[in-house]
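Here the structure is laid out as structure tokens; the discussion comes afterwards.
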Amino acid sequence: KTMIIVDNFIQDQVLIDEMIHDKTFFGANGNFMWWDGWWNSGANTVKKRLIEYLWRYHSPDKSYDISGFEYWTGVYGDGHPNTNLGWHFDKDELHWKRTDKNEIITPVIGSVFYPMSTEHDGGYLEIERSNGEVERIEPKFNRLIVFDAGTDKHRVTKVTNGVRYAIAINCWKTVPVAAQEGLMTIEK
């Protein structure tokens, strides 16, 4: 799988304005949410409309076989408890822990989107490729990055000034255990 970076991704100004002005868009870091997709329930929140815009209408690859979307926001920097996120790859964390860290189930594909225009230093998305090289991607307003979040180790470098806002969206074929058991937030 290749990495795709699209600048000025969202062309719908109404959706951009909704994200910028929605006071509930950015919750606490680590509040993982689940949506079973537009084929099961409507895109009735701003985050779901973003997911539908990306994966239904403007996906760079529509061949993925998925059952739904795990998504969460990340806010790093001044006045927030976190300034960075260490190296990791995305996986079904609860399944991994319950199998004594022996079984790993990963998303089909992942994405990061930057919905806020802010001034900040640092906060780069770094992705370690299979050859060991690290790609450093600037967090830039209206930029979309699609990559293999379940295979490629990645991190967010320290935000040294200002605040970095992002939303991560993973597409899953196997519904994560936390979603199956109702332990993830289901946006109403």
Side-chain angles (χ1 to χ4, degrees), residues 1-6 8-75 85 88-99 103-116 125 127 141-152 154 165-188:
K1 296 175 186 173
T2 58
M3 181 171 47
I4 299 167
I5 300 173
V6 182
N8 300 311
F9 175 68
I10 295 182
Q11 298 300 308
D12 179 343
Q13 189 61 46
V14 171
L15 180 56
I16 290 173
D17 289 344
E18 283 184 309
M19 285 185 287
I20 291 169
H21 295 103
D22 182 346
K23 301 293 184 215
T24 66
F25 194 88
F26 290 98
N29 290 353
N31 182 22
F32 295 92
M33 292 168 260
W34 177 258
W35 182 34
D36 60 0
W38 55 85
W39 54 91
N40 287 311
S41 60
N44 62 344
T45 69
V46 178
K47 289 184 206 82
K48 289 178 185 177
R49 284 195 290 282
L50 168 63
I51 293 166
E52 185 176 39
Y53 183 95
L54 193 172
W55 292 108
R56 182 178 189 181
Y57 298 119
H58 299 92
S59 173
D61 184 342
K62 295 188 186 296
S63 67
Y64 302 119
D65 177 19
I66 59 173
S67 59
F69 306 90
E70 173 193 30
Y71 54 104
W72 63 97
T73 57
V75 181
L85 180 62
H88 67 283
F89 62 91
D90 296 356
K91 60 190 169 298
D92 184 333
E93 294 286 343
L94 199 50
H95 179 81
W96 181 65
K97 288 174 185 165
R98 287 182 180 175
T99 60
E103 286 183 34
I104 297 173
I105 300 172
T106 60
V108 174
I109 195 76
S111 59
V112 174
F113 179 71
Y114 302 104
M116 296 288 283
L125 174 64
I127 300 172
F141 171 64
N142 205 5
R143 172 175 275 175
L144 172 71
I145 300 122
V146 177
F147 68 106
D148 192 356
T151 301
D152 295 338
H154 53 283
Y165 295 89
I167 181 168
I169 305 162
N170 284 342
C171 302
W172 288 84
K173 180 173 183 169
T174 304
V175 178
V177 171
Q180 292 175 30
E181 297 181 3
L183 302 173
M184 278 187 191
T185 300
I186 307 297
E187 269 195 309
K188 303 276 187 229

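A heavy-atom distance below 4.5 Å is found between the side chains of Asn29 and Val75. Within the 4.5 Å cutoff, no side-chain heavy atoms of Pro107 are placed close to those of Glu70. Side-chain contact between Tyr53 and Leu15: present, with at least one pair of heavy atoms (C-beta onward) separated by less than 4.5 Å. Contact annotation: the side chain of Ile169 approaches that of Trp55 to within less than 4.5 Å [non-hydrogen atoms, C-beta and beyond].
Residues passing the side chain to side chain contact (heavy atoms under 4.5 Å, CB included) test with Thr151, sequence neighbours excluded: Asp148. Residues that satisfy the side-chain hydrogen bond (donor to acceptor under 3.5 Å, both in side chains) test with Tyr114, not counting sequence neighbours, are Arg164. With sequence neighbours excluded, the residues forming a salt bridge (charged side-chain N to carboxylate O under 4.0 Å, His left out) with Glu18 are Arg49, listed by chain and number. Partners of Ser41 by side-chain hydrogen bond (donor to acceptor under 3.5 Å, both in side chains), not counting sequence neighbours, listed by chain and number: Trp35, Asp36. Checked against salt bridge (charged side-chain N to carboxylate O under 4.0 Å, His left out), Glu103 has no partners two or more places apart in sequence or in another chain.
Here the closest heavy-atom approach between residue Phe147 and residue Ile109 is recorded as O-CD1, 3.4 Å. The shortest non-hydrogen separation linking Met116 to Phe141 is C-CD1, 3.5 Å. Closest of all the heavy-atom pairs between Ser111 and Leu144 is CB-CD1, 4.0 Å. For the residue pair Gly150 and Phe89, the shortest heavy atom distance occurs at O-CD1, 3.3 Å. Across all non-hydrogen atoms, the minimal contact from Val108 to Trp172 is CG2-C, 4.2 Å. Between Pro115 and Ile20, the shortest heavy-atom contact is O-CG1, 3.9 Å.
Legend: salt bridge (charged side-chain N to carboxylate O under 4.0 Å, His left out) pairs involving residues 170-181, not counting sequence neighbours, sorted by first then second residue: Asp65-Lys173, Arg98-Glu181.
Residue His95 holds its NE2 atom at 9.0 Å from OG1 of Thr174, rounded to the nearest 0.5 Å. The distance from the CD1 atom of Ile186 to the CE atom of Met33 is 10.0 Å, given to the nearest 0.5 Å. Rounding to the nearest 0.5 Å places CD1 of Ile127 at 6.5 Å from CG of Asp152. Put simply, OG1 on Thr99 and CG on Leu94 are 9.5 Å apart, with the number rounded to the nearest 0.5 Å.
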Exercise. Verify side chain to side chain contact (heavy atoms under 4.5 Å, CB included) between Ile51 and Tyr71, making sure each step is shown before the conclusion.
Key: CA-CA 9 Å; Ile51 293 166; Tyr71 54 104; 3.5 Å; yes
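The main-chain N or O of His154 is found under 3.5 Å from a side-chain atom of His88 such that the two form a donor-acceptor pair. In this structure, Tyr165 contributes its side chain and Thr73 its backbone to no donor-acceptor pair below 3.5 Å. For Ser59 (side chain) and Arg56 (main-chain N/O), no donor-acceptor pair under 3.5 Å exists by modelled atom type. Side-chain N or O atoms of Lys47 include one that pairs as donor or acceptor with a backbone N or O of Phe25 at under 3.5 Å. At least one donor-acceptor pair closer than 3.5 Å links the side chain of Asn142 to the backbone N or O of Ile10. Looking at Asp92, its side chain does come within 3.5 Å of a backbone N or O of Val177 through a donor-acceptor pair.
In this pair, Phe32 and Trp72 present their aromatic rings tilted. The plane angle is within the 30 to 60° band.
For the pairing with Ile145, the side chain to side chain contact (heavy atoms under 4.5 Å, CB included) check across Val6, Leu125, Ile4 returns one residue only, Leu125.
Ring centers of Trp38 and Phe69: under 6.0 Å apart, within the cut-off.
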